[in-house]
Participant: 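Here it is: the structure, laid out below.
Per chain, numbering begins at 1; letters A, B, ... match sequence-line order.
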Amino acid sequence: MEEIRKKWLKKWEEAKVFEAIPDSNKKKFFGTLPYPYVNSYLHLGHFYSSMRLEAFSRYKRMKGFNVLYAQGWHCTGSPIVNAAKRIAENEPIQVGILKKQGFSDDEIKKFADPKAWVEYFPPQAQADFTDMGYSIDWRRQFITTDLNPHYDKFIKWQFNKLKEKNYVVKGKFPVVWDPIENTPVGDHARLEGEGETPQEFILVKHKLDDKFLISATLRQDTILGITNLYVHPEIVYSIIETKGEKWILSEHTANNLKFQDYDVKKIGTIKGDELIGKKVEVVDGRKVLILPATFLNETFGTGLVHSVPSDSADDLIALYDLQKDEETCKKYGIDIEELKGVKPIGVLNTEGYGDIPAKKMLEKYNVKHQNERGKLDKIKKELYKLSYYNASFNHLYKDFFDKNIEGVKVEDGKEYIKEELMKMGWIDIYYQLTGKVVARSLGECLVKIVDNQWFLAYGDEDWTNKARECLDGMKLFPDKTRSQFNYVLGWLHNWACTRELGLGTKLPWDESWLIESLSDSTIYMAFYTINYKLKNIDSKKLDDAFFNYILLSEGDGNNLQLDKEIADELKEEFEYWYPMDFRTTGKDLIQNHMSFCIFNHVAIFPKKHWPKSFGLNGHVMVNGEKMSKSKGNFIIMRDALKNYGADASRFTALSGGEGIDDANFDTEMAKSIDIKLNQWIEFATQNYNKGRDEKKSIDEWMESQINLIGTDMTNFMEETLFRSALQKGYFDMQRALKWYMRRTNNNPNKDVMNKFIETQTIILAPFTPFICEEIWEKLGKDGFISITDWPEFEKPKESDLKSQVLEDTLKNTLEDISSVLKLAKIKKPSKIKIFISANWKYDFYSKLNEELKNSRNVGELIRIFSTDEKYRENIKEISTIIQKTVKSGKSIDKILSQDDELNNMQESIDFLVNIFNAEVEIMVAEKSDENKAKQARPGKVAILVE
RNA sequence: GCGGAAUUGCCGGAGUGGUCAAACGGAGCAGACUCAAAAUCUGUUGGCUUAGUGUCUACGCAGGUUCGAACCCUGCAUUCCGCACCA
């Protein structure tokens, strides 16, 4: 096998079979796969997705398309830079990863430079694809980032274009920040806190003389229910000056604010107990008490909170506890009677919980004291969801804001309240991490607001509408992903498209920024059409005017920095290949990359160059389990090649799944397929051009099988349903072959056998190209099977169905005989009598015909075996059969004559004799012979054993 | 919570209104071949059965529509994926 593989790789390369050259006489097919990120070897996940494109490309090529299949490599982003940095620091985990991949210590050292990754992995990935027999035009491969100056220019052009159309906007954005290294910290660069993100809190001001106490909350919806404040008596709070005001909050928060667009000047401190007992003015003008609480955490929120006992069980239980605690009240000089007068203020009507849901919750969970943290945390979560989705604002919200929002759901009014309070100056925004994040510098991270961040305005209404238009015109494989796409197109809003760190292209108008990886990979497929011809052109000559001319036909091409002739050639090639006909990848990319691809195409290109179709596939499992490094079932492509061979791996991958469901790579199957493919080489070469010339009915059956199966398979190929295609085109084909060989006593008709061998080999070629090329050559065929025409399968004819029905009847008869023999416990029967009904009712068919003409405009019938009287009466049942027949697309235009039937039957009977080694007699039951005729039924024959 | 997908026999997985006790594959069982194993082939894999084109129970659960539901509708339960600035 390995020799065969190498032989054909060499031949393909020498003949440049897969180099795509524009040919205006041929229809074209341009398929792409999102370029893989090159920080490691390619694995089965890449393999499965890419095989779908590879098989489709090969199929399309055989269908007569001029196919462009190109592949690039993605280097943009931070993972490589981060990994390189970790190697430079000799970090054990990262070093271990490379060690596991088989690198020596010396080699690993080189990976301290990000460039080393970019130089090492793309050729490896190329080798993996090539070794597996991918039909890629490698002249067109490229890497991203400014390491590739031509691509760099292309991306710059793209972003200038987007900016020109006002799709790139500037704004603020919170990032996780390491204050020691002064860098943003991505998920993978953290020692602790993977998955934690910045969360927006509302800072609420509470007026105390000339200062404000600042509390933080997620629940601005309950702001009118504030009954008091809690401060920790032992915490020393900071007094700061910011925004022209004096704020009191924890020192921790004061420090964090500095990173969030606040100009912070510390002017003093105040200990919590100095505040207790005083009163502050809250947002609605009421004066409320400041109370002591020891449950407060200095590093969470602002270190002090406002209390809404109606909708916060924590606040309520704390209030209850304090009201019982006379000693503490005395200590801080709180008027106990006044404190006891503090009652929750209902602000929301919560379905099933009334207006003081916190109280009901405490009762429900039987909470007696604020120390019962477990229960209280549970309540907090439950109540938050409940309020958000099931509660509405009560009468207090009728007049308080400009708009009356009484009765409005919290979900719908929360944002409005935020805006209003913001206008009134009572609140501000503060970001806090959802959990502790420690950077690799050991610095504890905080949230920084980046204020000159650039965004792609995917929320733009016109842009979104255009994207929807594009989607509506696209074919999706499978189409059930459409609703998901539709949802995503509407849901996407501003996408931060620039980064401070990593590899990439610099933002053309602000070179301190790099273009982010998901944003530089949206329309690059256009680059495949021209890049291989750019290699000899100085990248400096590739200005925006150049791309405008080539890709958008803007300008006359006379003032470019290169010859118009060259430019025109490029332009022509782009226009030949574009639009992209097919792009396929895993389903997880629906909500970012694939949607971005639509957005950016409609933003930049005219409608005729919008993408035509997308394919989405599931994830890959190995032997039914999720592939993961920890489970030890993580398979990289080159290992699959080594262990199972290219053809078997390809076959196994594609027969492992289709559609959006997860696919399963079954290693047992890979092994057995390898054996079966070898057997097929053997069979094909040994049986070609052999056999008899005489043509029998079974030969017609075989021909019709080839036709029927081939038709079905071709339909599956068109829909990228490769598993079904293999099911038909290989397993069903082989099953038919088995039956055929058995029926002909291994003496097939020469022409039929040749046709079968050729067909089977050709239709397997997209899946297992190496052995197919080899067989093709051994059969004495000229040229490559890779570019041989896909067979034209004829529409099923009368004869197809006739022989089909006959063979099916025969198979059924065989089965019946077996079961009768079994029941009768006879091993070697001396005689088998078969009764077959002869009274085909022509009046029955005429009724059928009539029914057909009435119901549908179809003039053809399927063949029905019948003797049963009830069919003549029961028109309803007949119409059912017709319905099904029409739906299944099967048709037959004539009814067999009974003589045909019997002649063909005789041949079958001979076969039965052979099988059972007994005397077989065919008997025709006359109408008068009721007992026997009764036993013959549609599609069946009666059997009598002696 | 939102959005998407799913739930079928021992397992994987077809099937989207009647030919469904349900394709195909795997696994198991029995048999053939063999000294034996592998491979291959044949049969078989819901219950009952007077053995019949019989009958009952079945396609997550509960209802509904229909002459008829694995398939359509409603509700519920469970599982998976995504919820972003990360490739």
Side-chain angles (χ1 to χ4, degrees), chain A residues 34-39 74-80 173-176 184 186-189 194-195 197-198 381 384-386 388-390 411 450 453-456 458 478 480-488 490-499 502 516-519 521 586-593 595-596 618-619 621 623-624 626 655-662 664 666 668-669 672 675-676 679 723-724 726-728 731-732 735 738 742 814-815 818-823 827 862 864 868 870 876-877 879-881 883-885 887-888 915 934-940 942:
Chain A
Y35 36 33
Y37 188 70
V38 286
N39 60 345
H74 205 192
C75 311
T76 312
S78 53
I80 286 177
F173 190 73
V175 296
V176 181
D187 242 4
H188 302 290
E194 201 172 314
T197 54
K381 266 192 178 165
Y384 184 88
K385 271 186 191 170
L386 201 66
Y388 191 71
Y389 296 104
N390 293 321
E411 185 180 2
V450 178
Q453 173 74 47
W454 293 92
F455 295 91
L456 288 169
Y458 292 139
K480 67 176 156 191
T481 53
R482 190 173 297 279
S483 50
Q484 176 87 346
F485 266 110
N486 257 316
Y487 174 77
V488 171
W491 164 76
L492 281 169
H493 50 271
N494 280 353
W495 179 267
C497 63
T498 52
R499 291 288 174 280
E516 172 266 346
S517 62
L518 283 169
S519 302
S521 57
K587 60 183 168 185
D588 46 327
L589 294 192
I590 291 177
Q591 53 234 311
N592 43 51
H593 170 75
S595 290
F596 293 180
H619 301 129
M621 323 256 277
N623 298 329
K626 217 176 198 169
S655 73
E658 66 191 9
I660 203 76
D661 299 326
D662 289 348
N664 185 35
D666 185 342
E668 286 305 309
M669 181 182 196
S672 69
I675 294 164
K676 283 184 175 158
Q679 287 168 352
R723 182 175 61 180
S724 298
L726 279 173
Q727 199 66 245
K728 285 278 164 195
F731 292 106
D732 281 6
R735 212 183 351 266
K738 216 187 263 175
R742 186 174 156 192
L814 259 178
E815 279 170 24
S818 295
S819 51
V820 168
L821 289 179
K822 197 182 163 199
L823 281 169
K827 278 213 163 179
I862 193 172
I864 300 172
D868 203 325
K870 80 178 176 191
K876 199 169 165 187
E877 209 153 339
S879 34
T880 299
I881 295 167
Q883 272 176 20
K884 286 221 139 192
T885 306
K887 269 186 202 164
S888 68
I915 293 277
K934 225 165 92 186
Q935 290 188 41
R937 58 193 162 95
K940 294 267 178 176

Participant: Could you tell me how far B:C10 sits from B:G63 if I compare only their C1' atoms? Round to whole Å.
Facilitator: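 My reading of the C1' atoms in B:G63 and B:C10 gives 31 Å.
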Participant: What is the distance, to the nearest angstrom, from the NZ atom on A:Lys728 to the P atom on B:G13?
Facilitator: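 Roughly 20 Å, once rounded to whole Å.
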Participant: Taking atom NE2 of A:His619 and atom CD1 of A:Ile660, what is their separation to the nearest 0.5 Å?
Facilitator: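 These two atoms lie 8.5 Å from each other.
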Participant: With rounding to the nearest 0.5 Å, note down the distance linking SG in A:Cys497 to OH in A:Tyr458.
Facilitator: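 Spacing of SG (A:Cys497) from OH (A:Tyr458) equals 7.5 Å.
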Participant: Check side-chain contact (heavy atoms from CB on, under 4.5 Å) between A:Asn486 and all other residues, then give those that pass, not counting sequence neighbours.
Facilitator: A:Arg468, A:Leu471, A:Arg482
Participant: Provide the distance between the two C1' atoms, one in B:G9 and one in B:G28, to the nearest whole Å.
Facilitator: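 Comparing C1' positions in B:G9 and B:G28 gives a spacing of 14 Å.
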Participant: Scan A:Ile590 against the nucleic acid and name what it touches under 4.0 Å (heavy atoms): base, sugar-phosphate only, or nothing.
Facilitator: nothing
Participant: Between A:His619 and A:Val488, which has a closest nucleotide on RNA chain B that is more 5'?
Facilitator: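 Nearer the 5' end of the strand: A:Val488.
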Participant: Restricting to side chain to side chain donor-acceptor pair (under 3.5 Å), what partner residues turn up for A:Asp732, sequence neighbours left out?
Facilitator: A:Lys728, A:Arg735
Participant: Mind calculating the distance between CG (A:Asn486) and C1' (B:A5) to the nearest angstrom?
Facilitator: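 For the pair A:Asn486 CG and B:A5 C1', the rounded distance is 16 Å.
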Participant: Could you tell me whether the side chains of A:Gln484 and A:Thr481 share a donor-acceptor contact shorter than 3.5 Å?
Facilitator: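 Result is no, nothing qualifies.
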Participant: Quick one: A:Trp495 CH2 to B:C83 C1', roughly how many Å, whole number?
Facilitator: 11 Å
Participant: Which value, in whole Å, describes the distance between the P atoms of nucleotides B:C35 and B:G54?
Facilitator: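 The same atom, P, in both gives a distance of 45 Å.
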Participant: To check you understand the geometry: which heavy-atom pair defines the closest contact between A:Val176 and A:Pro198, and what is its length?
Facilitator: CG2-CD, 3.9 Å
Participant: Which atom names give the shortest non-hydrogen contact between A:Ser595 and A:Ile590, and what distance separates them?
Facilitator: OG-O, 2.7 Å
Participant: Apply the test side-chain contact (heavy atoms from CB on, under 4.5 Å) to residues A:Leu518 and A:Trp495: give CA-CA distance (whole Å), side-chain angles for both, the deciding distance (0.1 Å), then the verdict.
Facilitator: CA-CA 10 Å; A:Leu518 283 169; A:Trp495 179 267; 3.5 Å; yes
Participant: Could you tell me the separation between the CD atom of A:Gln484 and the P atom of B:G3, rounded to a whole number of Å?
Facilitator: 11 Å
Participant: Please state the C1' separation for the pair B:G17 and B:C72 - nearest whole angstrom.
Facilitator: 8 Å
Participant: Rounding to the closest angstrom, what is the interatomic distance between B:A30 and B:G15 at atom P?
Facilitator: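 So the two P atoms sit 34 Å from each other.
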Participant: Quick one: label A:Phe173 by what it contacts on the DNA or RNA (base, sugar-phosphate, nothing), any heavy atom closer than 4.0 Å.
Facilitator: base
Participant: Say we look at B:U49 and B:C80: how far apart would their C1' atoms be, to the nearest angstrom?
Facilitator: 43 Å
Participant: How many Å lie between CG on A:Asn664 and P on B:A6, as a whole number?
Facilitator: 19 Å
Participant: Strictly under 3.5 Å: I want the nitrogen or oxygen pairs between protein and nucleotides 8-10 of chain B, one per line.
Facilitator:
none

Participant: Classify A:Thr481 by what it touches in the nucleic acid, base, sugar-phosphate, or nothing, heavy-atom distance under 4.0 Å.
Facilitator: nothing
Participant: Any side-chain N or O of A:Arg723 below 4.0 angstrom from OP1/OP2 of B:C24?
Facilitator: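 Checking A:Arg723 against B:C24: no side-chain N or O falls below 4.0 Å of OP1 or OP2.
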Participant: For A:Phe485, check ring-ring contact (aromatic ring centres under 6.0 Å, His included) against everything at least two apart and list the hits.
Facilitator: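 A:Phe485 satisfies ring-ring contact (aromatic ring centres under 6.0 Å, His included) with A:Phe614 only.
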Participant: For A:Lys587, answer base if it contacts any base atom (sugar-phosphate contacts may also be present), sugar-phosphate if it contacts only those atoms, and nothing otherwise; contact means non-hydrogen atoms under 4.0 Å.
Facilitator: nothing
Participant: Across the strands shown, which category fits A:Asn592 at heavy-atom distances under 4.0 angstrom: base, sugar-phosphate, nothing?
Facilitator: base
Participant: Is A:Asp732 touching bases, backbone alone, or none of the nucleic acid, heavy atoms closer than 4.0 Å?
Facilitator: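 Counting heavy atoms under 4.0 Å across all strands, no contact is made by A:Asp732.
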Participant: If I pick the C1' atom on B:C86 and the same atom on B:G12, what distance separates them, to the nearest angstrom?
Facilitator: 33 Å
Participant: For nucleotides B:C33 and B:U40, find the distance between their C1' atoms and express it as a whole number of Å.
Facilitator: 9 Å
Participant: Expressed in angstrom and rounded to an integer, what is the separation of A:Trp491 atom CH2 from B:G1 atom P?
Facilitator: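 That distance rounds to 18 Å.
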Participant: List every contact pair, protein side and nucleotides 37-42 of chain B side both N or O, where the distance is under 3.5 Å.
Facilitator:
from  : atom 1 : to       : atom 2 : distance (Å)
B:C41 : OP1    : A:Lys738 : NZ     : 2.5

Participant: List in chain and number order the residues that pass side-chain contact (heavy atoms from CB on, under 4.5 Å) with A:Ser724, two or more places apart in sequence or in another chain; answer none if no residue qualifies.
Facilitator: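 In terms of side-chain contact (heavy atoms from CB on, under 4.5 Å), with neighbours along the sequence ignored, A:Ser724 is linked to A:Glu658, A:Phe716, A:Leu721.
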Participant: For nucleotides 70-75 of chain B, list the nitrogen or oxygen atoms of the protein found under 3.5 Å from its nitrogen or oxygen atoms, one pair per line.
Facilitator:
none

Participant: Among B:G82, B:G3, B:A87, find the nucleotide with the atom closest to the side chain of A:Tyr487.
Facilitator: B:G3
Participant: Who are the side-chain contact (heavy atoms from CB on, under 4.5 Å) partners of A:Tyr487, not counting sequence neighbours?
Facilitator: A:Trp491
Participant: For A:Ser78, which contact category applies under a 4.0 Å heavy-atom criterion: base, sugar-phosphate, or nothing?
Facilitator: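 Sugar-phosphate contact only.
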Participant: Taking for each residue the nucleotide of RNA chain B with the nearest heavy atom, is it A:Gln727 or A:Tyr37 whose nucleotide lies nearer the 5' end?
Facilitator: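 Between the two, 5'-proximity favours A:Gln727.
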Participant: In terms of side-chain heavy atoms of A:Ser483, which of B:G4, B:G13, B:A87 is nearest?
Facilitator: B:G4
Participant: For a 4.5 angstrom cut-off between non-hydrogen side-chain atoms, does A:Asp662 reach A:Lys587?
Facilitator: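 A:Asp662 reaches A:Lys587 side chain to side chain.
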Participant: Rounded to whole Å, how long is the line connecting atom CG of A:Leu492 with atom P of B:C86?
Facilitator: 15 Å
Participant: With A:Gln453, which residues qualify under side-chain contact (heavy atoms from CB on, under 4.5 Å), at least two apart?
Facilitator: A:Phe173, A:Val450, A:Phe455, A:Ala496, A:Thr498, A:Arg499, A:Trp513
Participant: Wobble G-U and Watson-Crick pairs count when both distances are under 3.5 Å; given that, what is the 5' to 3' dot-bracket string of RNA chain B, with | for pairing to other strands?
Facilitator: ((((((((.[[[..)..(.....]]]((((((.......))))))(((.....)))...[[[[[..)....]]]]])))))))....
Participant: Could you check how far NZ of A:Lys480 sits from P of B:C80, rounded to whole Å?
Facilitator: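 My rounded result for the distance is 18 Å.
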